[in-house]
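Only one structure is covered here, and it is reproduced in the block below.
Atoms within a ligand are numbered from 1 in the order they appear, just like the ligands themselves.
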Amino acid sequence: MKIAVIHGPNLNLLGIREPSVYGKKTLKEINDQLFNKALVLGCDIEFFQSNSEGEIVDYIQLLKERGFDGLIINAAAYTHTSVAIRDALLAINIPFIEVHISNIFKRESFRHKSYLSDIAVGVISGLGYMGYEYAFDFLVKALKRGEIR
Ligand code: DQA
């Protein structure tokens, strides 16, 4: 089983970026925790972070032919703006979970709109870094049981 984790713009700054909103864990710490979970569960995991919309689209486009089964994406600010990322996800048609560290519905109204939520298997928002872990657990279990595809 192969799972990809995509982190959008400014998430490379986790740990120093608005810690009261996004917590103190760095992106590396979050990725390391997921990597360890993947080892235990016996699946492959790949991480990708970019501040560029086009790079994220290019990465998504190749996931199908590279044999990925599932995807976790925090598209960060592009969540609220990017038809291009939405279209790339529709094109590859791989089940994905949308994750946000903060609760986007508690925040400015421009963050309440997501171009991804209605095509996601599910959305986790506001559970901090643990949202990634819950998303990962769910994806692996649901894929193994054939409950999503
Ligand atoms: C975010 C929420 C977005 O609104 C914001 O632009 C981000 C991070 C989150 O994880 O809470 O960069 O996706």
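When all heavy atoms of S102 and R107 are compared, the pair lying nearest together is OG-NH1, 2.9 Å.
A heavy-atom distance below 4.5 Å is not found between the side chains of N12 and H7. Annotation: side chain of E46 is in contact with side chain of F68 (closest heavy-atom distance under 4.5 Å).
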List, pair by pair, the atoms of ligand 1 and of the protein that are both N or O and lie under 3.5 Å apart, giving the separation rounded to 0.1 Å.
unit_1	atom_1	unit_2	atom_2	d
ligand 1	4 (O)	H80	NE2	2.7
ligand 1	4 (O)	R111	NH1	2.9
ligand 1	6 (O)	A77	N	3.2
ligand 1	6 (O)	R111	NH1	3.0
ligand 1	10 (O)	N74	ND2	2.8
ligand 1	10 (O)	I101	N	2.8
ligand 1	11 (O)	I101	N	3.3
ligand 1	11 (O)	S102	N	2.8
ligand 1	11 (O)	S102	OG	2.6
ligand 1	12 (O)	R17	NH1	3.1
ligand 1	12 (O)	R17	NH2	2.9
ligand 1	13 (O)	N74	OD1	2.8
ligand 1	13 (O)	H100	ND1	2.8

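No cation-pi contact links K37 to F136, judged by a cut-off of 6.0 Å to the six-membered ring centre and 45° from its axis.
Salt bridge R86/D118: present, at least one basic N to carboxylate O contact under 4.0 Å.
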Listing, residues 73-81 side-chain donor-acceptor contacts under 3.5 Å, not counting sequence neighbours, or none:
unit_1	atom_1	unit_2	atom_2	d
N74	OD1	A76	N	2.9
N74	ND2	Y132	OH	3.1
Y78	OH	N51	O	3.0
Y78	OH	E53	N	3.2
T79	OG1	A76	N	3.4
T79	OG1	A76	O	2.6
H80	ND1	R111	O	3.4
H80	ND1	K113	O	2.9

